[in-house]
Amino acid sequence: MSEMPTPAVSAHGEHETFSARVLRQTAARWGARIGFAWIGLVALAAVFAPFLANSHPLALKTPDGWSSPLLENLTWMDVSLLAAFIAVFVVWLLRRRLNGARRLAVLAVAVLASAVPAYLLVNPPQAVVFEKYRQGLVSGAVEQAVFVPVPYSPTDRSRDKPLSLSPPDSEHLMGTDEDGADVLSRMIHACRIALGIGFVATGIALVIGILFGGIMGFFTGWVEILMMRFLEIFESIPQLFLLLTVVAFFGRNIYLIMAVIGLTSWPGYARYLRAEFLKLRQQDFVQAAQACGLPIWSVLFRHMLPNGVAPLLVAASFGIASAILAEATLSFLGLGVVDAPSWGGMLNQAVGPGGTFAVWLATYPGLAIFLTVFAYNLIGEALRDAIDPHLQRAPG
Amino acid sequence: MGSRFGVKDLLLYLFLLIILVSIWLTMVQIDRQWSFIRLTQEKLDEQTRDIADLRRQLQRGVLVADSDRPAETTGGLPPTWEGFRRAHQASLAPDYAEGDWLINYFGSNLQRLTPMLSADAYASWVQEQVLDTLITRDPETLDWLPLLAESWAISEDGLTVRFTVRQGVTFSDGEPLTAADIAFTYRFIMDERIASPRARAYYSRIKSVTVEGNDVVFRYEEPYFGSFELAGTMQVLAEHFYGPYLESVERAEQFNSATGLLLGSGPYKLQDPVGWTPDQPVELVRNDRYWGWVQPPFDRMVWKVIQNDAATLTEFKNGDVDVYSARPLDYRELLKDEALLARTNHFEYYNARGGYSYIGWNQQRDGEPTRFADPRVRQALTYLTDRQRLVEEVFLGYAKPANGPFNPLGKQINPDIETRTFNLARAQSLLAEAGYEDRDGDGIIESADGEPFRFKLLYPAGSDDYKRVVLLIKDFYVKAGIIMEPEPTDWPLVLKALDEKAFDAISLGWTSGFEIDLYQFFHSSQMQPGGDNFLSYGNPELDSLIETARAEMDEAKRMEIWRRCHEILWADQPYTFLIWRASLNFIDERIQNVQRTRSGVNRPGLWQAPGEWYVPAARQKYDG
Amino acid sequence: MINYIIRRLLLMLPTLAGITVLVFSVMALAPGGIGANLMTSGGDMRPEERKAMVEYLNRRYGLDQPMTTQYLRWLNNIMPIGFATGPDGARGEFGFKTPDLGSSFVKNRPVLDLVAEALPITLLLNALTVPLVFVGSILMGVYTARFRGGALDVSIGTVNLALWSVPTIWMGVVLIGFLASEEYLKWFPTSGLSSLRSDSWNFLPTFGTPSEPGYQRGYLLDMLWHLVLPVICLTYSGFAFLTKLTRAAVLENLLSDYARTARAKGASERAVLWRHVFRNSLLPLITVTASILPGLLVGSVIVESIFSIDGMGRLAVEAVQMRDREVVLSITLITGMLTLFSYLLVDICYALADPRVSYE
């Protein structure tokens, strides 16, 4: 037995849309707040990683004058992420002036406009010898160097002073891994892969799931039967199994992994959307839209979708969490990308075969994975509670 | 209320289920007990048969005192029993006792024990305890000693080898072993219906194996220095046991899918020679009918399967495993453990059959010579590969830099050759000679056409040590302006890349031996698909030297030729040889007579002999 | 109802075919293809040996034929009716025959044997995990619904969510590192399912027999002792989802009309809960069981590899890494069949449990 949710009147005295109300109620819950705070932290770390942990000094004084090796060595990914961050900030400032769709459009344009030129133009030097700054300071070739807080790049393996698997000390706050690279630096840079996998994989899954679910929910007959079989096929294949198969047969490629995670997750979203659409199909506004002669895609995706998307958001939040877990598991099994830092990969190095237990390698990356996954789960829970009509009643 | 399914019903069903499961589990346990009783019964039967046999022999008045074996057992070994000298010496120790178990382990599941079928290294450890060969080597002097063969003769032209087979040898089930079994083994391997293509290829050099009285004669097409070893180290299969599998295609298929068909004349045997399956641990028991001069010391040899490395160490520390082979980092950590040092002995040694790792430079790709075709480039890269640092940082000193394919413990190596040490200046000048310099100031050196020196190094995925080595080397090369991109590759793809020669450089390893044949690796004829010269390396002088060495039957002359080959390889550097790894072992200290030899530690099965280790009676842990 | 079942069974076939085609295509399209790459040992490769091996395997398994032919051959092998195969791969006559899952390339044993060895172990693990998870979730779900909003509700909810977020890989490493190691507590063994000589022990624990004085753990207890850590790893994350589901269902029922009627008639809250509401709340759980069951088989891959247990998950991973085509396809088939069967089973149970649901 359920009641119709009472129309909410926002603080501004206008009617709130459903999605605005959901977001507001979600943000009000403490679980979601903690979740958003942690994700925000991780996102900041991902964007500003080169400025937080880098072996290249920010400013370098040699007999030839001042230079900034850090800026010279930024990659196109660094530049694009910074540009995207600025774009998000600008959009937030202008949020009153733009509605939802326009905001997305502005963001997309800004990101593309910065990513494409960056990819083409930004060309950092490839032959990097990290220890030359440290050695230069000792030998006098370098007069002064201003380093960022963590003066180690994730691939700086400390060749001037071999330091494999050393416990945390004043120089390496979280110790080093088995190759001698600084753990804190790798943790910060690994935020990129973690968030990237989550968003990209879930994004792919959402797009496919929405397409399929929408069509399945609207049409009946042989179209539905065929698509249902298709959905069952993808549902029945265990995700880890397919991931392992693809990695074993096609090699390790982070984009491929993201695609496979996306391809195995979409059935869940499709089912949710189909269930919602089956309910919405009978509603008046849909029939009215059809009667007006609007094309199908418009009916499905401009009219029905915004109303049915709520459970999808919940599922997406949990989906991001599980994508991150899947990537960590792959890296743990040794099938992740080699050089790039990843939390799962670091966890793998924690237990040596001879039973040497590097506690710092087990604690920090494990905590990072746990907190990120927990954060997404909290957000998902909060979203679910906000959407649930049962909880819209007056408290008591 | 009707027939509602309530909580009470649920509990009732659950209870019923538990009872049923318990009954079934009890039945399983009873089954296990029955099979144990059966095994005991079998053993008893065997012993009764043996006693009956002995009694009959006594009745017939057979000479019990063999004139071949003098009554005094102090050192007086007849020459035909030299293969047992070391074991015999061990048995003279005052605290020598038979008994106890030796517990070993495998790092992964063993699929098959059936000989000839498996490519498993693990299976061979087990098979070498159960099957015998004609000859064996002294682990220290490397001389060939008689085992199943009493004596042998090699013809002048090297095309015929004749072994005289010892009399009175029996398999573990009592059937006699004769020259016919050896000829049978050859027939068995070469039969197309048996799934042993690897063994077939290996023994295809033999033209024929014939029986002449007590002798077995191997004939070859052409003289080859390894012919004697090939024939002498063939593991002998029993005709009466394996012969029936040649009767028909169905029986051959049965053999091909059998997991545990292992019967031989060796010091140990499987209690059940047909029934082993991979879900059981491997247990060998002493062969009570062993024909050797010395009886096998251990009652049982057991191999547990422990796939998890951490679990292996835990079991070793608990004393559940007797021998532990450690990686450098763990070895160093373990040496700090006082309690462990008190209960074990540890050994670091180089094994004559151990292998070396290397980086192979592909000299031809897609029909075009690559930048690695220039020997100056290869030499420069070798100067940049700081082997000493590799040894210190990755292997913590438990390795030796390698400068050639010959094992430092063998006789082929040329002792005058030096290993190139890290020399950035020399490398850069060699590269400049070959036309590589940094023309645009970006830190990377380019060829004359402006192509940057950048390449991918393939290496087998899954090994941490390879990864660390490759990452370290990458940072060496960067100093000279060379960008190396590591590519961990799964094994099937590695093989594919080798077949198609579709790679820039590859890092792999080969196992070695006392005397290896360079032909398959470095002879130019092996460049064709399927050969192991996948680097398209060819040097006519080396080719002719290799051919001469292979046909040279005089060992001293042959070694001279191999040493000359070593010089050429040092100059040409088709591989950048990396390191020889040391074996690092901990052995429970109740085991006595563990010795270092030229071939490594004298573990049982090192060469076909009953083994030199034993546990004194007072210290034995397991009985039966 | 029977019609429905038959219709569902028939619809299963194209889905199964689709799954196998998908997996087969992934393997076929890969660089290296499905072919002879069956060197399990690395270093000692001799050219003649390898060539001989490749030819031999091509002949035996028909690996040099085009992909579609190979797929059709495999399909023919697994069906109960089809062309019988002669000893050399020649085609026999059409008729009934025993389905043949093929032989593993790497291990050269029939796939059925491999599965028969691995399946009971996985089933054992799951037989212990599933009841624990269900019972725990139901109890927690009921109590948090009963005392909703209270401290118990919030804390159980948060703890469950936190547990769900802990990656299994981390949990396994931590458990072994702290509870099964030398440095900290050595309460549990690190690997395997039984100790070395345990199959010569008695089944039940003994407390002093003439041959073995003193306490002897016994086979049963030994196996249970080995199972504790793996089962913990498998269960801890399962509570979150099911508890939430049960809670929602119980809550919905507690606020329903018939519950209100029962209270009005004077039943205690406890009676309302256990005698009326409880059974109706179990229905959503039945639906969820469907999605859990298939994951159980291959889902314990990580736990099996951390604890060195030879179940189906390990079999699948090794087969994939070794490109053991027959095993991979067979496991896909088995998992797919079990998934679809479990969906069907769940729908049937749903129809039986809830008289309002009908499939006609």
Side-chain angles (χ1 to χ4, degrees), chain A residues 55 69 72-73 123-132 135 153-167 176-181 244-253 330-331 333-341 345 348-358 362, chain B residues 107 308-317 324-334 337 386 389 392-394 396 438 441-445 452-454 459 461-465 467-468 470-472 474-483 485-493 584 586:
Chain A
S55 288
E72 285 165 24
N73 277 287
N123 238 334
Q126 309 263 329
V128 182
V129 180
F130 291 112
E131 53 267 24
K132 71 179 180 219
Q135 287 168 336
S153 282
T155 46
D156 177 357
R157 299 198 163 90
S158 211
R159 299 299 182 200
D160 48 336
K161 191 171 55 156
L163 272 181
S164 149
L165 275 185
S166 68
T176 61
D177 73 359
E178 70 178 13
D179 297 311
L244 288 173
T245 312
V246 168
V247 167
F249 284 81
F250 285 95
R252 304 126 194 273
N253 184 336
L330 260 193
S331 303
L333 292 174
L335 299 171
V337 191
V338 162
D339 217 4
N348 184 19
Q349 295 180 2
V351 182
T356 48
F357 188 47
Chain B
N308 189 320
D309 290 324
T312 314
L313 183 62
T314 314
E315 303 240 2
F316 179 68
K317 284 187 180 175
Y324 180 68
S325 165
R327 302 219 342 251
L329 188 63
D330 311 320
Y331 189 71
R332 197 179 56 177
E333 288 304 308
L334 288 172
D337 185 340
D386 192 345
R389 257 187 95 172
E392 280 162 16
E393 283 186 35
V394 179
L396 303 177
D438 187 2
D442 62 353
I444 311 179
I445 55 176
F453 200 142
R454 188 191 260 278
Y459 66 94
S463 163
D464 277 341
D465 284 337
K467 177 183 75 124
R468 292 187 61 194
V470 168
L471 285 175
L472 187 52
K474 169 177 140 126
D475 285 337
F476 293 151
Y477 291 168
V478 147
K479 293 188 180 154
I482 298 177
I483 307 287
E485 290 160 24
E487 282 228 330
T489 316
D490 289 313
W491 191 246
L493 290 177
L584 305 164
F586 283 92

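By convention in this document, chain letters (A, B, ...) are assigned in the order of the sequence lines, proteins followed by strands, and residues within each chain are numbered from 1.
- Between B:Leu472 and A:Arg159 there is a side-chain heavy-atom pair separated by less than 4.5 Å.
- Interatomic distance, B:Leu471 CG to A:Arg157 CZ, rounded to the nearest 0.5 Å: 4.0 Å.
- Side-chain contact between B:Lys479 and A:Glu131 is present, with heavy atoms from C-beta onward closer than 4.5 Å.
- Residues A:Val128 and B:Val478 share a closest heavy-atom pair of O-CG1, 3.3 Å.
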